[in-house]
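Scope of the values below: all heavy atoms of this structure, side chains included, with no hydrogens, waters or symmetry mates.
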Amino acid sequence: MKELSLNILDIIENSLKAKAKNIELTIVEDDSKDLLLIEIKDDGVGMDEALLKEVFDPFMTTSKNKKVGLGIPLLKLEAELCDGGVFIESKMGLETIVKVYFKKSHIDVPPLGDLPATIVSIIATHPEVNLKFKHVVNNRTFEISTEDLRKTCEESLCTPLVLNSIKTFLEEKIKELHGGV
């Protein structure tokens, strides 16, 4: 995929298919460690050991509508080509954690892309899910959760006005994390 935000959306869609009600997305950008880390944790049904062993096989999919599952295998290849990797931990009925890391300075690391649009699309299409987003850039941290937004917002999170406000807020906060650049 051209942008990592599309990979993030793909993994979160997998979480939603696994009936996750709580999803945590953490992105860490650390120049001193030359690290870009993406972690997605969910409380879906999880994977057994057999499925976990096959998750990197592009010809394995749990979807009845597809014959291949290219998302995770291609992301793993992309990460490995950038001196990184993908690790997945899962406990049946409890959680799945997907960790993707890249050598941040590697010339082939895809851009993060439009994270605010990705997050807003998840909120708009799955308002019942609690989504926590944490973004750390060189020890500066920004966090937001749909649970907190619901407490402070008098309207549904899914109105166009609220979604646009959330997107603008995320754009501003991510820009601040990068020093306003």
Side-chain angles (χ1 to χ4, degrees), residues 1 3-30 35-48 51-52 55 62-63 71-72 75 79 86-102 110-180:
M1 293 187 201
E3 300 179 351
L4 292 173
S5 62
L6 298 175
N7 293 101
I8 290 168
L9 184 60
D10 182 56
I11 294 169
I12 290 178
E13 286 295 329
N14 289 340
S15 296
L16 294 165
K17 289 176 189 168
K19 301 177 181 170
K21 295 295 179 201
N22 297 286
I23 299 171
E24 296 177 18
L25 166 62
T26 302
I27 298 174
V28 177
E29 299 179 61
D30 189 325
L35 173 72
L36 170 60
L37 171 70
I38 299 167
E39 180 179 302
I40 299 168
K41 179 179 177 182
D42 72 51
D43 65 349
V45 297
M47 293 182 270
D48 61 25
L51 181 57
L52 203 49
V55 76
T62 57
S63 174
I72 293 289
L75 180 60
V86 176
F87 297 95
I88 301 175
E89 302 169 33
S90 189
K91 296 175 188 165
M92 288 296 295
L94 294 176
E95 67 180 13
T96 297
I97 302 170
V98 178
K99 293 181 182 178
V100 185
Y101 71 96
F102 296 86
L112 275 172
D114 195 346
L115 284 173
T118 298
I119 291 168
V120 166
S121 72
I122 294 165
I123 293 170
T125 56
H126 300 282
E128 75 286 358
V129 172
N130 290 318
L131 176 66
K132 290 183 180 177
F133 171 58
K134 179 178 179 181
H135 196 155
V136 181
V137 178
N138 297 325
N139 297 320
R140 292 185 300 268
T141 301
F142 167 69
E143 293 182 64
I144 190 170
S145 77
T146 52
E147 188 174 21
D148 291 341
L149 288 171
R150 282 187 204 100
K151 290 176 186 172
T152 58
C153 189
E154 295 177 9
E155 297 180 53
S156 163
L157 297 182
C158 291
T159 66
L161 182 63
V162 172
L163 290 170
N164 193 42
S165 296
I166 293 170
K167 186 175 184 287
T168 301
F169 180 69
L170 289 169
E171 289 168 345
E172 290 171 2
K173 290 299 180 182
I174 291 171
K175 189 175 179 180
E176 284 177 23
L177 286 174
H178 289 95

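For residues 155-175, every residue pair satisfying the ring pair (Phe, Tyr, Trp, His ring centres under 6.0 Å) rule, not counting sequence neighbours, is listed here: Phe142-Phe169. Residues in residues 112-131 take part in no ring pair (Phe, Tyr, Trp, His ring centres under 6.0 Å) pair, two or more places apart or across chains. Legend: side chain to side chain donor-acceptor pair (under 3.5 Å) pairs involving residues 110-122, not counting sequence neighbours: none detected.
Counting all heavy atoms, side chain and backbone alike, Val86 lies closest to Ala79 at CG2-CB, 4.2 Å. Nearest heavy atom pair, residue Ile72 against residue Asp10, reads N-OD2, 4.5 Å. Heavy-atom minimum distance, Gly179 versus Arg140: N-NH2, 3.9 Å. Counting all heavy atoms, side chain and backbone alike, Lys99 lies closest to Glu89 at NZ-OE2, 4.2 Å. Looking at every heavy atom in both residues, Ser156 comes nearest to Val162 through O-CG2, 3.6 Å. The nearest pair of heavy atoms linking Met47 to Leu52 is CE-CD1, 3.7 Å.
In this structure, Glu172 has no salt bridge (Lys or Arg N to Asp or Glu O under 4.0 Å) partners at least two apart in sequence or on a different chain. For Lys91, the side-chain contact (heavy atoms from CB on, under 4.5 Å) partners two or more places apart in sequence, or in a different chain, are Leu94, Glu95. Residues satisfying the salt bridge (Lys or Arg N to Asp or Glu O under 4.0 Å) criterion with Lys173, sequence neighbours excluded, are Glu176. Applying the side-chain hydrogen bond (donor to acceptor under 3.5 Å, both in side chains) criterion to Glu147, with sequence neighbours excluded, gives no partner residue. For Arg150, the side-chain hydrogen bond (donor to acceptor under 3.5 Å, both in side chains) test picks out Asn130, with sequence neighbours left out. Every residue meeting the side-chain hydrogen bond (donor to acceptor under 3.5 Å, both in side chains) condition with Ser5, not counting sequence neighbours, appears here in chain and number order: Glu3. The side-chain contact (heavy atoms from CB on, under 4.5 Å) check on Thr152 picks up nothing, with sequence neighbours excluded. Under the side-chain hydrogen bond (donor to acceptor under 3.5 Å, both in side chains) criterion, His135 pairs with Glu29, sequence neighbours left out.
Taking CG of Leu9 as the start and CG of Leu115 as the end, the distance is 11.0 Å to the nearest 0.5 Å. Taking CD1 from Ile8 and CG from Leu6, the interatomic distance works out to 9.0 Å, rounded to the nearest 0.5 Å. A distance of 4.5 Å separates CG of Asn7 from CG of Leu75, quoted to the nearest 0.5 Å. In this structure, Leu25 CG and Ile11 CD1 are separated by 9.5 Å, a value rounded to the nearest 0.5 Å. Remark: Lys132 NZ to Ile144 CD1 distance equals 13.0 Å, nearest 0.5 Å. To the nearest 0.5 angstrom, Leu157 atom CG is 11.0 Å from Ser165 atom OG.
Considering Thr26, Ile119, Ile123 in turn, Ile119 is the only one that fulfils the side chain to side chain contact (heavy atoms under 4.5 Å, CB included) rule with Phe133.
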Inset, instruction - Begin from the C-alpha positions of Ile23 and Val129 and carry the test side-chain contact (heavy atoms from CB on, under 4.5 Å) through to its verdict. - result: CA-CA 7 Å; Ile23 299 171; Val129 172; 3.9 Å; yes
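In this structure, Leu149 and Ile166 have side chains that are in contact, with non-hydrogen atoms separated by less than 4.5 Å.
Under 4.0 Å is where a charged nitrogen must lie from a carboxylate oxygen, and between Glu171 and Lys175 no such pair does.
Under the 3.5 Å distance criterion, the side-chain polar atoms of Ser90 are left unmatched by any main-chain donor or acceptor of Gly46.
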Ignoring hydrogens and angles, write down the donor-acceptor pairs under 3.5 Å from the side chains of residues 36-44, residues two or more places apart or on other chains.
residue: Asp42; atom: OD1; partner: Gly44; partner atom: N; Å: 2.8
residue: Asp42; atom: OD2; partner: Ser15; partner atom: OG; Å: 2.7
residue: Asp43; atom: OD1; partner: Lys21; partner atom: N; Å: 2.8
residue: Asp43; atom: OD1; partner: Asn22; partner atom: N; Å: 2.9
residue: Asp43; atom: OD2; partner: Asn22; partner atom: ND2; Å: 2.8

